[in-house]
Amino acid sequence: GYIQELDHRGFKVTDPLGLLDAWRKAYRFKKHRRQGYFTLLQGQRLSEALNRFESYTAGHAAYAVFSAAERQAPAVRQPKTWLYVAPELEERFRTEVEAKPVDSGENLVVLFPADNHVFYLEEGDGLPSTNPVQTYVDLSSVGSRGEEAAQAILHQSLKPVWHHYGLI
């Protein structure tokens with residue numbers, strides 16, 4: 001009910017809000033393994049380390065959840081750095097950002113995805129971000145102030161693009 005088949009040309013999304021809501025309801029954020037880390041690197045030094053790390057990832061690391069939202073909806077702010085990192089890159093990540101796993105006091109939240117669908121990325125300089133749709137469903141599932149941030153993504157990032165393409 002959210003798409004329309006086109007003659008010999010695939011399909012067209014007819015109800016992007018309905019499709020997004022259905023995906024949000026079906027999405028299981030907790031399937032990703034979550035690990036907290038602590039690093040002394042901050043600000044520019046952390047960004048530089050993450051950019052170095054990106055050169056080893058082949059597109060299998062990205063800013064995620066609140067950190068992706070900061071880049072996609074500037075009103076969103078959060079003190080921790082959230083990332084998706086492919087599980088096989090964990091050691092390299094820890095080395096590049098000088099991070100140690102912790103049970104509390106984390107300033108890095110790393111999600112090791114259950115599958116690689118989260119790496120359909122929004123390109124940019126340095127480490128990319130998850131695309132706005134992935135960011136939206138992650139924020140909708142994370143709790144805390146996630147729902148508020150998800151609404152910022154919807155209104156500042158997704159709806160303007162959909163409007164541009166005549167979807168809403």
Participant: Could you walk me through whether Trp23 and Leu19 pass side-chain contact (heavy atoms from CB on, under 4.5 Å), step by step?
Facilitator: CA-CA 6 Å; Trp23 186 19; Leu19 181 58; 5.8 Å; no
Participant: Is Val65 linked to Leu89 within one hydrophobic cluster, defined over Ile, Leu, Val, Met, Phe, Trp and Tyr using a side-chain heavy-atom separation of less than 4.5 Å?
Facilitator: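 Per the 4.5 Å side-chain linkage, Val65 and Leu89 are not co-clustered.
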Participant: Kindly give the heavy-atom pair with the smallest separation between Val118 and Pro113, and that separation in Å.
Facilitator: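 In terms of heavy atoms, the two residues are closest at CG2-CB, 3.7 Å.
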Participant: Evaluate the side-chain contact (heavy atoms from CB on, under 4.5 Å) criterion for residues Gln156 and Gln72: first the C-alpha distance (whole Å), next the side-chain angles of each, then the deciding distance (0.1 Å), finally the verdict.
Facilitator: CA-CA 8 Å; Gln156 295 176 35; Gln72 296 162 4; over 6 Å; no
Participant: Centres of the Tyr84 and His32 rings: under 6.0 Å?
Facilitator: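 Ring centres of His32 and Tyr84 closer than 6.0 Å.
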Participant: I need the minimum non-hydrogen distance between Gln78 and Lys80, along with the two atoms involved.
Facilitator: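 Shortest heavy-atom separation between Gln78 and Lys80 comes out as OE1-N, 2.8 Å.
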Participant: Has Arg71 got its NZ or CZ under 6.0 Å from the middle of the six-membered ring of Tyr63, at an angle within 45 degrees of the ring axis?
Facilitator: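 Yes, a cation-pi geometry holds between Arg71 and Tyr63.
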Participant: In the single-linkage hydrophobic clustering (I, L, V, M, F, W, Y; side-chain heavy atoms under 4.5 Å), do Val161 and Val137 co-cluster?
Facilitator: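 Yes: a chain of side-chain contacts under 4.5 Å links Val161 to Val137.
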Participant: Within a radius of less than 6.0 Å around CG of Leu40, do more than 12 heavy atoms belonging to other residues, nucleotides or ligands occur?
Facilitator: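 Count not over threshold, so no.
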Participant: Are Ile168 and Tyr2 linked, directly or through other ILVMFWY residues, by side chains that come within less than 4.5 angstrom of each other?
Facilitator: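 Different clusters.
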Participant: Measure the OG-CZ distance between Ser141 and Arg24 for me, rounded to the nearest 0.5 Å.
Facilitator: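 With rounding to 0.5 Å, OG (Ser141) is 8.0 Å from CZ (Arg24).
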Participant: Please report the C-alpha distance between Tyr56 and Glu96 in whole Å, then the side-chain angles of each, then the deciding distance to 0.1 Å, and finally whether the side-chain contact (heavy atoms from CB on, under 4.5 Å) criterion is met.
Facilitator: CA-CA 10 Å; Tyr56 297 99; Glu96 289 296 328; 3.8 Å; yes
Participant: Please report whether the ring centroid of Tyr37 lies less than 6.0 Å from that of Phe93.
Facilitator: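 Centroid distance Phe93-Tyr37: below 6.0 Å, so yes.
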Participant: Would you compute the distance between atom CZ of Phe11 and atom CG of Leu6 and round it to the nearest 0.5 angstrom?
Facilitator: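 Rounded to the nearest 0.5 Å, the CZ-CG separation comes out at 9.0 Å.
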Participant: Which distance, rounded to the nearest 0.5 Å, do you find between the CG of Leu167 and the CG of Asp15?
Facilitator: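 Leu167 atom CG to Asp15 atom CG measures 10.0 Å (nearest 0.5 Å).
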Participant: Using a 4.5 Å cut-off on heavy atoms from C-beta on, say whether the side chain of Glu54 contacts that of Pro128.
Facilitator: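 Yes, close enough: below the 4.5 Å cut-off.
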Participant: Within the distance-only criterion (no hydrogens, no angle test), does the side chain of Asn116 pair as donor or acceptor with the backbone N or O of Phe119 below 3.5 angstrom?
Facilitator: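 No, Asn116 side chain to Phe119 backbone: no donor-acceptor pair under 3.5 Å.
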Participant: So among Thr130, Val142, Leu139, Asp138, which one has a side chain to side chain contact (heavy atoms under 4.5 Å, CB included) with Trp82?
Facilitator: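 That would be Val142.
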Participant: With a 4.5 Å heavy-atom cut-off, do Val109 and Thr81 have their side chains touching?
Facilitator: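 Of all side-chain heavy-atom pairs linking Thr81 with Val109, none is under 4.5 Å.
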Participant: Please indicate whether Glu5 has more than 12 foreign heavy atoms, meaning atoms of other residues, nucleotides or ligands, lying under 6.0 Å from its CD.
Facilitator: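 No, CD of Glu5 has 12 or fewer neighbouring heavy atoms, counting only those of other groups under 6.0 Å.
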Participant: side-chain contact (heavy atoms from CB on, under 4.5 Å) between Phe112 and Gln35: does it pass, once the steps are laid out?
Facilitator: CA-CA 8 Å; Phe112 297 100; Gln35 176 63 58; 3.9 Å; yes
Participant: Distance check, rounded to the nearest 0.5 Å: Arg52 atom CZ versus Leu50 atom CG?
Facilitator: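 With rounding to 0.5 Å, CZ (Arg52) is 9.0 Å from CG (Leu50).
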Participant: Is the closest basic N to carboxylate O distance between Glu148 and Arg145 below 4.0 Å?
Facilitator: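 Arg145 and Glu148: salt-bridged.
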Participant: Among Val110, Thr57, Leu111, find the one that has a side chain to side chain contact (heavy atoms under 4.5 Å, CB included) with Val85.
Facilitator: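 Exactly one pass, corresponding to Val110.
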Participant: Just checking, any donor-acceptor pair under 3.5 angstrom between side chains of Thr39 and Glu98?
Facilitator: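 Looking only at side-chain atoms, Glu98 and Thr39 do not form any donor-acceptor pair under 3.5 Å.
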Participant: Kindly give the heavy-atom pair with the smallest separation between Leu108 and Ala99, and that separation in Å.
Facilitator: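 The pair with the smallest heavy-atom distance is CD1-CB, 3.9 Å.
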Participant: With a 4.5 Å cut-off on side-chain heavy-atom distances among I, L, V, M, F, W and Y, is there a chain of contacts connecting Val133 to Tyr165?
Facilitator: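 Yes, Val133 connects to Tyr165 through the hydrophobic network.
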Participant: Working to the nearest 0.5 Å, report the span between CZ of Phe53 and OG1 of Thr95.
Facilitator: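 Answer rounded to 0.5 Å: 9.5 Å.
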Participant: Please lay out, stage by stage, how Glu91 and Arg94 fare under the test salt bridge (Lys or Arg N to Asp or Glu O under 4.0 Å).
Facilitator: CA-CA 5 Å; Glu91 286 303 315; Arg94 288 171 58 179; 3.4 Å; yes
Participant: Would you call Arg33 and Glu90 a salt bridge, using N to O less than 4.0 angstrom?
Facilitator: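 Result for this pair is yes, salt bridge flagged.
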Participant: Do Glu106 and Lys100 meet the salt-bridge criterion of a basic N to acidic O distance under 4.0 Å?
Facilitator: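 The answer is no: the pair does not qualify as a salt bridge.
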Participant: Could you pull out the closest heavy-atom pair between Leu154 and Leu17, with the gap in Å?
Facilitator: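 Result for this residue pair: CD1-CD2, 3.8 Å.
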Participant: So which heavy atom on Phe38 is nearest to which on Gly105, and how close?
Facilitator: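 Answer, listing the atom of Phe38 first, then Gly105: CD1-O, 3.5 Å.
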Participant: List the atom of Thr135, the atom of Ala69, and the distance in Å for their closest heavy-atom pair.
Facilitator: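 Between these two residues, the closest heavy atoms are CG2-N, 3.8 Å.
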Participant: For a 4.5 angstrom cut-off between non-hydrogen side-chain atoms, does Pro79 reach Asn107?
Facilitator: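 A side-chain contact under 4.5 Å is absent here.
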Participant: Distance from Ser140 atom OG to Gln151 atom CD, nearest 0.5 Å?
Facilitator: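 Those atoms lie 7.0 Å apart.
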Participant: Any donor and acceptor pair, going by atom type alone, linking the side chain of His60 with main-chain N or O of Ala58 inside 3.5 Å?
Facilitator: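 Here the side-chain-to-backbone pair exists.
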Participant: Can you label the angle between the Tyr27 ring and the Phe29 ring as parallel, tilted or perpendicular, going by 30° and 60°?
Facilitator: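 Tilted, since the angle between the ring planes falls between 30° and 60°.
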Participant: Should we say atom NZ of Lys31 is surrounded by more than 12 heavy atoms from elsewhere, each under 6.0 Å from it?
Facilitator: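 Above 12, so yes.
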